[in-house]
Structures are given as structure tokens and as C-alpha cells.
2 protein chains.
Amino acid sequence: MPPTSPGATAAGGPTRPPAGAGVAAPPTTLPTTERGRRQRERLLAAARVVFERDGFLDARVTDISAEAGVAHGSFYTYFGSKTAVFRALLAATMDELYDTLRVGTADSGAPTADAPAPAGTRSAEEAVRRVERANRRFVAMYRENTALMALFEQVTTFDPEVRALRQAARERMVGRVRHSIEQLQTDGLVAADLDAEYSAHALVAMVSGLVHYWLVLDGDFEEERLVATLTRLWTTSLGLAPTPTV
Amino acid sequence: MPPTSPGATAAGGPTRPPAGAGVAAPPTTLPTTERGRRQRERLLAAARVVFERDGFLDARVTDISAEAGVAHGSFYTYFGSKTAVFRALLAATMDELYDTLRVGTADSGAPTADAPAPAGTRSAEEAVRRVERANRRFVAMYRENTALMALFEQVTTFDPEVRALRQAARERMVGRVRHSIEQLQTDGLVAADLDAEYSAHALVAMVSGLVHYWLVLDGDFEEERLVATLTRLWTTSLGLAPTPTV
DNA sequence: AGCTAAGTTGACGTCGACGTCAATGTCAAC
DNA sequence: GTTGACATTGACGTCGACGTCAACTTAGCT
């Protein structure tokens with residue numbers, strides 16, 4: 001069975017190509033005027049409200065237009081479809097969140113990182129601290145954007161473009177973590193024969209998967225304990241163990 | 001922000017309650033006749049084919065009827081809606097898969113388990129072996145049912161009943177793992193101060209999350225290496241470490 | 001054979017979301 | 001202040017999926 005996923009057709013949302021063939025030019029271009037730019041922003045903001053409230057599938061273009069305070073027809077001046085506006089919204093927001101995570105976590109531990117080793121940062125204890133910070137930050141970010149994360153997942157299941165965004169986002173996170181693991185291996189703090197790539201993927205899956213279960217699937221967790229346990233498992237699994245064995 | 005998820009309305013699929021109020025009795029009852037039972041089976045099988053081929057959203061009741069070789073109207077003799085048939089299909093299949101996993105893995109390691117400790121099973125090495133077996137089995141199961149797993153996720157994002165199924169499935173797995181961790185703690189093989197519940201959740205998230213990324217989101221992995229890395233991280237994180245530190 | 005309850009059929013009406021478009025409005029430049 | 005490009009408006013036609021239902025078939029029982 002080839003890597004599959006149901007409903008992955010080319011177009012956009014739930015794929016049902018309109019029978020009528022006449023394809024109107026989808027606004028790929030950004031607005032010309034200043035007024036246009038503002039209208040586009042209003043629609044994006046409205047889209048966010050409506051999507052988060054109703055979910056992608058139940059959201060209607062009419063609702064978005066109404067929320068934005070513009071006529072139904074105006075929507076199509078800026079976006080070709082519900083799916084198009086969602087993609088735009090997601091792309092914009094994800095870039096924001098990416099920055100959020102980057103700020104405040106130097107190179108190393110977990111779903112974050114990006115600076116040269118600040119020197120004197122080469123102890124296991126320091127690494128553990130960095131992992132914890134990154135995890136806490138990630139969890140907080142997810143908590144503050146739960147609705148959007150749920151939407152992201154939802155649309156990923158049927159829109160190829162959004163799926164690509166998801167893969168990209170994941171690879172970015174994994175890349176950072178892999179880099180951090182390789183660094184620790186270079187420093188002799190992590191076993192050299194550990195597969196950094198696979199491990200990074202696994203650890204990222206652990207954190208994002210559990211947080212998803214907590215916030216989106218409504219699991220019963222306490223944030224601090226969650227961060228603590230994730231950090232402990234993360235670091236112990238890499239052999240940065242503060243708790244040797246028993 | 002309360003545990004949210006978009007599009008979570010009561011009804012079924014993408015929530016759009018038919019304006020007309022007259023609710024016809026949804027077939028909650030199972031077929032009376034033998035013929036009826038067989039027809040229901042055929043529809044279920046057809047539903048699986050169509051769902052896996054087109055995804056839940058693009059699947060039409062008409063397609064399912066056609067695939068089953070029955071008239072459009074007959075569908076409604078057995079199921080009240082597309083969502084209803086999907087729920088039935090999923091419930092049935094999940095029970096099957098649950099058994100699949102249970103068989104062949106005694107109490108302990110990973111996403112499986114259920115027997116009394118066979119005695120002489122109390123070494124760390126044995127525990128590691130059990131975790132590996134369970135992981136390998138889980139990965140294989142997922143690989144052989146990728147399409148269905150993708151569908152499960154898809155429908156979870158908007159159908160509350162399916163979401164409940166997902167939560168239940170997750171809790172079952174977590175319960176087994178937690179039990180196994182507690183066992184290992186009793187045996188002094190795992191640190192007693194580790195939170196077994198949270199850890200079980202995290203480890204299950206790691207395995208299912210990574211496998212999901214591999215098979216559904218089409219990541220680039222090699223199965224054996226995947227199982228090996230997952231097992232290594234799993235066991236090391238619990239302190240069953242075959243690889244002490246470096 | 002005749003009766004009845006269960007099941008089958010497929011044509012039909014309904015409904016809601018979409019995307020269009022002709023008329024109208026806005027604004028900046030000349 | 002006139003012009004023209006760009007944007008707004010909202011009523012309208014289209015379309016496809018759904019669920020219904022009245023007529024018909026099947027099969028078990030007496």
C-alpha cells in the first residue's frame with residue numbers, strides 16, 4: 001500500500017470540480033490599491049474568526065464576507081475560494097508562530113533553536129534546561145493557537161497544498177532538533193550511534209502528538225506536569241539523564 | 001481557550017442540518033432477515049472501498065450504493081447517512097485491529113499487552129525485547145491499514161462520535177502502556193518517581209505520531225530503522241538503557 | 001396458492017452554497 | 001471637475017447531493 005491519504009485530489013477543499021468549465025481567473029495577485037490591501041486584511045481576519053468558530057467545512061464564504069462587513073461578491077475579488085483564503089491565512093499565521101518559537105531559544109534542545117553555541121553551554125545540565133525551555137514555549141504556543149492547529153490538521157486531511165505546508169512545518173522543527181542532537185553528539189553528550197534524523201522525528205512526534213491530544217482531543221493533563229514529563233523523557237532518551245536509572 | 005476543535009457540531013459529518021424538520025427514523029436496529037444482514041455487509045464493504053478511494057468528504061452515498069450493487073434508496077434501509085455508515089465501519093474495523101495487536105504480545109512493553117507476567121520475564125533485556133515486538137507489530141498494523149487510519153483522523157476532525165472512538169482507542173493503548181510501566185516500576189527496573197500515566201501518553205504519542213507522519217503524511221523512512229529507533233528511545237527514556245550514555 | 005412483512009427500486013423534489021455579472025460607487029490624477 | 005481604472009454590491013442562475021416515497025419484488029408462513 002503506497003503512502004495514501006483519502007480525498008487527496010488536486011483542487012482545493014472537498015474536491016468537487018464545478019461542472020461548468022469556465023474558470024475565472026483566481027486572484028493570484030495581491031491587491032493594487034491601498035484600500036484593496038485593507039479589504040484583504042479584513043477578509044483574512046474575518047476568515048480566521050469564522051473558521052475557528054465553525055470549522056473549515058461548515059464555514060461558508062457568505063459568513064466570512066458578512067463577518068468582514070463586505071458583500072458576498074467582494075470576497076472573490078481577493079480570494080478564489082474558501083480554500084484559497086484558508087491557505088493564505090495559514091501561511092501567514094504559521095510564519096508568525098515560527099518566529100514566536102525561534103525567539104527566546106538559542107540553539108539546542110527541542111522544537112526551537114538557531115544561534116551559535118554561546119560557549120559554556122556544553123554541559124548536559126544546560127542542554128536539559130534548553131530542552132525544557134523549548135518544550136514549555138512550544139506547549140504555550142500550541143495552547144494559545146489551539147483552534148488554528150485543529151484547523152490545520154483538519155484541512156491537511158484533504159488539501160494537498162495545506163498538507164505540503166504541514167510537511168514543511170514539521171521538517172523545520174525536525175531540522176532544528178536534529179541539529180541540536182548532532183551538536184550534543186559532537187560534544188560527546190549523546191551516543192554517537194543514535195540516528196539523529198529519526199530520533200528528532202520521534203521526539204517531535206512525541207511532543208506535538210501529546211500536546212495535540214491534550215488540547216485538540218481534550219485529554220486530561222496539567223500543563224506543568226506535561227512539560228516536565230516530556231522534558232524528562234526527551235532528555236533521558238538522549239542519555240542526558242538527570243535520573244541515571246532507578 | 002477551552003479545549004477546542006472546529007466544526008464540532010452534534011449531527012454527523014460536515015454539520016448542515018437539513019432545513020426540513022421531518023426526521024425519518026434512522027436505522028439504529030440491525031436487519032431482521034438474513035438477506036438484510038448480507039446487504040448490510042455488502043454496503044459496509046462497499047463503503048470501505050469508496051471511502052479509501054475517495055476520502056470521506058468526496059464519497060457520495062450514491063457511489064457506495066453503486067459499489068455495493070444496490071439502488072440508491074436501499075442504502076437508507078441500513079444506514080441513516082454517510083456518517084452513520086462510516087461510524088459502523090470504523091467501529092467494526094477498530095475492534096478487529098485491537099485484537100490483532102493484542103495477540104502475540106504478552107503484558108508489558110508497548111502499544112500492546114494483556115497477560116500475567118510469565119515469570120522469568122523480569123529483566124530489562126526481556127522488557128526491551130517486548131517493547132520492540134510491540135512496536136514492530138504496531139507499525140505493521142498501521143502500514144497495512146494506512147488508508148483507514150487516515151480516514152479515522154479525517155473524520156475525527158469534525159464528527160464528535162468518531163472523536164470519541166479515537167479517544168477511546170488512544171486510552172486503551174495508553175492504559176496498556178501505563179500498566180506495563182507500572183509493572184516495571186514495581187520490579188525496580190524503572191524509576192519510581194516517573195509519572196506512568198503521562199509517560200505512557202507521551203510514548204504512545206511518539207510511536208503513533210511518527211508512524212502517522214511516515215505513512216499518512218508520506219515521510220521518508222525505512223521501517224526497520226524506524227522500529228529500531230522508536231524502541232531505543234522508548235526503552236532508554238524509561239531507563240532500561242542498553243546504551244548507558246555514550 | 002395466498003397473504004404479509006420486509007426489502008428494493010429509481011425518479012423526483014428540495015435545498016443550500018457557490019460563483020457571476022451588470023450596475024453602481026470611489027478615488028486619484030490630470 | 002471630468003475621466004477611467006479599480007472595487008463594491010447583491011440578486012440570480014446553476015448544480016449536485018441528499019433523502020423520500022409509491023409502486024413493486026421477495027420470501028417465509030399457513
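Lettering follows sequence order; numbering is per chain, from 1. A quick note: this is a predicted structure, and the numbers were derived from the prediction, not measured. Reckoned from all heavy atoms, side chains included, excluding hydrogens, waters and symmetry mates.
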Between B/Arg42 and B/Glu67, is the closest basic N to carboxylate O distance under 4.0 Å?
no

Check whether any side-chain heavy atom of A/Tyr78 sits under 4.5 Å from a side-chain heavy atom of A/Val85, and report yes or no.
no

Let me know the distance between CZ of B/Phe79 and P of D/dT20, rounded to the nearest Å.
16 Å

Atom CZ of B/Arg38 to atom P of D/dA27: distance rounded to whole Å?
9 Å

Which one, C/dG7, D/dT9, C/dC18, comes nearest to the side chain of B/Tyr78?
C/dG7

Could you state the CZ-P distance from B/Arg42 to C/dG7, rounded to the nearest angstrom?
15 Å

Among C/dC18, C/dT8, D/dT9, which is the nearest nucleotide to the side chain of A/Ala71?
D/dT9

Which whole-number value in Å describes the distance from B/Asp63 CG to D/dG16 P?
13 Å

Is any side-chain nitrogen or oxygen of B/Ser74 closer than 4.0 Å to OP1 or OP2 of C/dG7?
no

For atom CZ of A/Arg40 and atom P of D/dC6, their distance in whole Å
18 Å

note: A/Tyr76, atom OH; D/dT9, atom P; distance rounded to Å ~ 15 Å

A/His72, nearest nucleotide to its side chain (from D/dA11, C/dT8, D/dC18)
D/dA11

Distance in angstrom units between A/Ile64 CD1 and C/dC18 C1', rounded:
13 Å

Rounded to whole Å, the CD-P distance (B/Gln39 to D/dT25) equals 17 Å

Do the ring centers of B/Phe56 and B/Phe158 come within less than 6.0 Å of each other?
yes

Using salt bridge (charged side-chain N to carboxylate O under 4.0 Å, His left out) as the criterion, list what pairs up with A/Glu197, not counting sequence neighbours.
A/Arg178

